[in-house]
Peer 1: 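Quick one: structure below, then a few questions.
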Amino acid sequence: MKRLAAIMAVASIATATACGTTGTTETARTGGGVFTTIDGSKQINASAPINPFNPVGSVFSGYNGMALAWPKNDPTDPNQFYPAIAGSWTTSSDRSQVDIHLRPDAKWSDGVPVTSEDVRVSIGLAYTQGGTAYALDPKAAGAAADIQVVDPTTVRITQGANRSSTFLANLLSTVVVPAHVFGKLLPADFWQLLKTAQHGQGAVAEKAKSAITGLAEKVIAFDPGHDVSAGPFVLERVNPGAALLTRNPYFYDRQKIAPDKVKILNYTGNEQIWNYLIAGRLDNAPFTSVPTAVMNRIREAPGSKVIKGYSPVAVSLAFNQAHKPYDNVHVRRALAYLIDRAQVTRIASPEGGTPAATTSGIHAQAARAWLGSGFDGLEQYRTNPAKADAELKAAGMTKRNGRWAMPDGSPWKVRIHVPASFSDWVAAGKSISSQLADHGVDASVVTAADYTLYLGELAEGKYDLGLWLIGLGPSPYNIFQRLFGQANGWQMFGGRLRHVAPGTEGNWMGGPEKVDAGAAGLVDPGELTGTLNYASHDEQKRIVGILAKVANEQLPVVQLWDYVNTQFVNTSRYTAFPPDDDQSLRLSSGVWMQLGMIKKAEKGRA
């Protein structure tokens with residue numbers, strides 16, 4: 001799901017058309033046309049450097065931004081990738097070592113070959129930013145411990161002692177930059193510093209770590225001045241309204257690329273994207289929350305088409321179990337029985353979601369793959385006011401004059417918090433509060449001004465209930481860390497897992513450290529989630545079964561709807577877009593072109 005709604009704001013098309021020389025009537029020089037799209041992950045910042053390490057940098061994934069490989073949309077295997085700069089890769093049987101084999105014909109846009117040294121420098125720069133495979137602590141699960149240039153097109157990367165099942169995926173996601181442009185950002189003694197930081201002891205090691213992380217801001221701020229890309233396009237110019245990219249003549253698969261240019265329009269909110277789509281200006285746009293009436297207008301645009309596929313994301317109503325009465329599982333179950341998830345989905349996300357079949361913590365498509373017939377054995381929590389009443393009574397709640405009250409007789413006021421800019425979440429909150437009110441629950445929606453504020457206040461434990469994204473597959477660890485990770489008290493530090501008290505260090509969900517998992521006994525769900533990081537597939541399957549059952553019975557959240565990846569395309573100018581359910585659907589149009597898709601329409605208008 002693209003959180004384009006996060007920046008919801010009323011805007012006019014005039015903002016985008018103010019981009020002057022990159023107007024829609026621009027005609028390509030060689031007949032391939034101008035492919036027009038948006039970047040769903042960020043808005044354009046014309047003053048940002050051409051630097052992929054800068055969060056708002058003028059680098060667009062799949063166009064002038066390249067990774068070693070591109071992830072497929074597999075529901076259960078995070079290590080499924082399409083080749084990109086890395087033409088192939090081999091992994092040792094114990095997953096401790098990966099050999100990356102670069103395409104021998106890959107070149108930068110200035111004609112310089114892409115080599116192993118480019119990958120090595122890119123990894124060095126990634127260490128300054130931290131995270132994924134490039135953590136300075138060698139005890140961190142999945143940390144790369146050694147990087148070796150085997151030959152000009154082969155790089156060998158060795159994993160540290162704490163193995164991760166997503167090590168390969170994290171490596172292949174590495175963004176590659178040219179060493180002859182970015183290499184000067186690393187000091188001459190960088191690799192010795194890294195060795196000391198990872199394997200040294202005491203103050204010497206800490207000093208080396210500080211020296212490496214101290215480079216982070218310098219790397220983020222670096223401006224190369226002009227674009228040197230290994231992708232199919234190179235940035236020609238950018239202004240506040242749009243970025244214009246032109247073909248890279250040295251791209252290794254340049255014969256697959258149909259457009260001569262790509263124009264990436266800026267946007268300030270969902271409404272502006274809707275206007276682009278209604279006007280038929282975009283050849284492709286990723287998922288944007290769209291009400292039915294707007295969707296109907298988009299469909300009326302000549303050539304407009306919708307592609308749908310799997311999206312490993314679900315939205316849930318999450319509880320702060322440190323707050324009463326949500327520390328009582330009977331209250332949580334009562335609310336689950338009172339919420340009609342199909343009605344919520346119809347109102348909040350009619351085009352981009354399907355009602356959750358139950359609460360498992362997993363998107364239904366992935367859940368069936370992981371759980372098999374076990375999925376059907378989970379409690380579905382179909383709407384049932386009688387069961388809800390029984391659960392509330394079991395929690396000691398009382399009903400007076402048609403209104404439910406707390407066990408001590410005080411009023412029970414349910415406050416559902418959502419960010420104001422997420423139109424679908426606001427609609428969901430209003431639907432839920434209305435349904436609860438019909439059953440004697442004093443419920444209302446409270447909005448936060450923006451998503452950043454929402455997350456901050458959520459982490460500070462200010463909310464009783466809030467909407468929360470879950471099921472972020474395909475890695476089972478990523479799926480369950482949303483329920484049994486940092487937000488619920490389990491912190492990974494120095495390769496060791498610890499549980500912190502509710503209300504501290506971001507633990508806003510406040511669930512118990514151990515829970516009864518039936519036949520599996522008393523389990524620590526955070527510890528089990530951590531184990532998913534390195535367990536074998538069979539062991540992962542066993543653990544997923546336990547955690548899905550815990551999520552279903554203990555209800556740290558009520559799963560509301562599973563997202564559908566809804567892509568908008570327009571076939572007036574280009575055709576051969578990926579079909580429904582294609583594994584490339586979550587990637588950019590630039591990657592689709594690299595994979596041989598998107599052809600010029602015979603009677604295109606570009």
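Computed over heavy atoms, backbone and side chain alike; hydrogens, waters and symmetry mates excluded.
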Peer 1: Could you walk me through whether Tyr463 and Glu457 pass side chain to side chain contact (heavy atoms under 4.5 Å, CB included), step by step?
Peer 2: CA-CA 7 Å; Tyr463 302 160; Glu457 294 190 336; 2.7 Å; yes
Peer 1: Where is the tightest heavy-atom contact between Ile416 and Gly429, given as atom of each residue plus distance?
Peer 2: CD1-O, 4.0 Å
Peer 1: Can a side-chain donor-acceptor contact be found between Ser92 and Asp94 if the only test is distance below 3.5 angstrom?
Peer 2: yes
Peer 1: Just verifying a value: how many Å separate Gln583 CD and Gln80 CD, rounded to the nearest 0.5 Å?
Peer 2: 7.0 Å
Peer 1: When you look at Asn565 and Ile307, which way does the side chain to side chain contact (heavy atoms under 4.5 Å, CB included) test go after all the steps?
Peer 2: CA-CA 8 Å; Asn565 183 356; Ile307 305 172; over 6 Å; no
Peer 1: Indicate yes or no for a side-chain donor-acceptor contact from Arg333 to the backbone of Asn328 under 3.5 Å, with no hydrogens or angles considered.
Peer 2: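 Between the backbone of Asn328 and the side chain of Arg333 there is no qualifying donor-acceptor contact (under 3.5 Å).
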Peer 1: CG of Leu136 to CD of Gln198: how many Å apart, nearest 0.5 Å?
Peer 2: 6.5 Å
Peer 1: Show your reasoning for whether side chain to side chain contact (heavy atoms under 4.5 Å, CB included) applies to Val558 and Phe319.
Peer 2: CA-CA 8 Å; Val558 175; Phe319 300 103; 3.8 Å; yes
Peer 1: Which heavy atom of Ala314 sits nearest to which heavy atom of Gln559, and what is that distance?
Peer 2: CB-NE2, 3.8 Å
Peer 1: Please give me the minimum heavy-atom distance between Gly545 and Leu371, naming the atom from each residue.
Peer 2: CA-CD2, 3.6 Å
Peer 1: Going by heavy atoms in the side chains, are Gln321 and Gln554 under 4.5 Å from each other?
Peer 2: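 They are not in contact (no side-chain heavy atoms under 4.5 Å apart), so the answer is no.
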Peer 1: Would a 4.5 Å heavy-atom cut-off, applied to side chains only, mark Thr359 and Ser316 as touching?
Peer 2: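 The answer is no, as the side chains (C-beta and beyond) never meet within the 4.5 Å cut-off.
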Peer 1: Is the His417 to Trp468 ring centre distance short of 6.0 Å?
Peer 2: no
Peer 1: Please examine the side chains of Leu68 and Trp89, heavy atoms only from C-beta on, and report whether any two atoms are closer than 4.5 Å.
Peer 2: no
Peer 1: Rounded to the nearest 0.5 Å, how far does CG of Leu587 lie from OG of Ser589?
Peer 2: 10.0 Å
Peer 1: Do the side chain of Arg341 and the main chain of Ala356 share a donor and acceptor less than 3.5 angstrom apart?
Peer 2: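 The answer is yes, because a donor-acceptor pair under 3.5 Å joins these two groups.
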Peer 1: Does Gln435 reach the main-chain N or O of Asp340 with its side chain, forming a donor-acceptor pair under 3.5 Å?
Peer 2: yes
Peer 1: Given Leu547, which of Asn552, Leu532, Val523, Leu483 fulfils the side-chain contact (heavy atoms from CB on, under 4.5 Å) condition?
Peer 2: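 The option that passes is Leu532.
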Peer 1: Mark yes or no for whether Ser96, through its side chain, and Gln159, through its backbone, hold a donor-acceptor pair below 3.5 Å.
Peer 2: no
Peer 1: If you take all heavy atoms of Trp490 and His499, which pair is closest and at what distance?
Peer 2: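 The pair with the smallest heavy-atom distance is CE2-CD2, 3.4 Å.
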Peer 1: Pair Lys541, Asp538 - check salt bridge (charged side-chain N to carboxylate O under 4.0 Å, His left out), show working.
Peer 2: CA-CA 5 Å; Lys541 201 165 185 178; Asp538 287 346; over 6 Å; no
Peer 1: With heavy-atom distances below 4.5 Å as the criterion, would you say the side chains of Ile157 and Ile123 are in contact?
Peer 2: yes
Peer 1: Kindly say whether Ser165 contributes a backbone atom to a donor-acceptor pair with the side chain of Asn79 at under 3.5 angstrom?
Peer 2: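 Yes; judged by distance alone, with no hydrogens or angles, the pair exists.
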Peer 1: Testing the 3.5 Å rule here: is there a donor-acceptor pair between the side chains of Gln567 and Asn284?
Peer 2: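 Short answer, yes.
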Peer 1: Taking Ala364's backbone N and O only, do any of them form a donor-acceptor pair with Asp562's side chain (distance below 3.5 Å, no angle check)?
Peer 2: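 Side chain of Asp562 to backbone of Ala364, a donor-acceptor pair under 3.5 Å: yes, one is there.
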Peer 1: What's the shortest heavy-atom distance between Ile479 and Gly361, and which atoms?
Peer 2: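 For Ile479 and Gly361, the tightest heavy-atom pair comes out as CG2-O, 3.3 Å.
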Peer 1: Using a distance-only test with no angle check, is there a side-chain donor-acceptor pair under 3.5 angstrom linking Thr531 and Glu527?
Peer 2: no
Peer 1: Is the shortest side-chain heavy-atom distance between Val219 and Gln129 below 4.5 Å?
Peer 2: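 A side-chain contact exists here, since the closest heavy-atom pair is under 4.5 Å.
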Peer 1: So, are Lys514 and Asp524 salt-bridged, with charged N and O less than 4.0 Å apart?
Peer 2: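 No, no charged N to carboxylate O under 4.0 Å.
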Peer 1: If the threshold is 4.0 Å, N to carboxylate O, is there a salt bridge linking Asp146 and Lys195?
Peer 2: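 Looking at Lys195 together with Asp146, the answer is no, because their closest N to O distance does not fall below 4.0 Å.
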Peer 1: Any donor-acceptor pair under 3.5 Å linking the side-chain atoms of Thr358 with those of Ser360?
Peer 2: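 No - no donor-acceptor pair under 3.5 Å links their side chains.
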Peer 1: Report yes or no: does Asn507 contribute a side-chain atom to a donor-acceptor pair with the main-chain N or O of Val500 at less than 3.5 Å?
Peer 2: yes
Peer 1: So, for Ala133 and Tyr127, which heavy atoms are closest and what is the spacing to 0.1 Å?
Peer 2: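 It is O-OH, 4.4 Å.
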Peer 1: Which residue pairs pass the ring-ring contact (aromatic ring centres under 6.0 Å, His included) test when at least one of the two sits in residues 335-364, sequence neighbours left out?
Peer 2: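 Residue pairs with at least one partner in residues 335-364: Tyr310-His363, Tyr337-Tyr381.
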Peer 1: Rounded to the nearest 0.5 Å, what separation is found between the CD atom of Glu513 and the CG atom of Asn488?
Peer 2: 10.5 Å
Peer 1: Is there side-chain contact between Leu317 and Val557, with heavy atoms separated by less than 4.5 Å?
Peer 2: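 Counting from C-beta outward, Leu317 and Val557 never come under 4.5 Å.
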Peer 1: Within the structure provided, determine whether Glu351 and Lys308 are in side-chain contact (heavy-atom separation under 4.5 Å).
Peer 2: yes
Peer 1: Would a distance-only check, ignoring hydrogens and angles, find a side-chain to backbone donor-acceptor pair under 3.5 Å from Gln486 to Gly506?
Peer 2: no
Peer 1: Quick one: pull up CG in Leu528 and OH in Tyr477 and give me the separation to the nearest 0.5 Å.
Peer 2: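 It comes to 13.0 Å.
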Peer 1: Would you say the side-chain atoms of Asn478 pair up with the backbone N or O of Leu472, donor to acceptor, closer than 3.5 Å?
Peer 2: no
Peer 1: In terms of heavy-atom contacts, does NZ of Lys72 have more than 12 from other residues, nucleotides or ligands at under 6.0 Å?
Peer 2: yes
Peer 1: Less than 4.5 Å apart, side chain to side chain, heavy atoms only: is that true for Trp370 and Pro476?
Peer 2: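 They are in side-chain contact.
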Peer 1: Would you check if the side chain of Thr91 reaches a backbone N or O of Val98 as a donor-acceptor pair within less than 3.5 Å?
Peer 2: no
Peer 1: May I have the step-by-step check of side chain to side chain contact (heavy atoms under 4.5 Å, CB included) for Phe480 and Ile362, ending in yes or no?
Peer 2: CA-CA 8 Å; Phe480 281 107; Ile362 320 174; 3.8 Å; yes
Peer 1: When rounded to the nearest 0.5 angstrom, what distance separates CE in Met295 from CZ in Phe568?
Peer 2: 4.0 Å
Peer 1: Should the pair Tyr454 and Tyr451 be assigned to parallel (<30°), tilted (30 to 60°) or perpendicular (>60°) ring geometry?
Peer 2: parallel
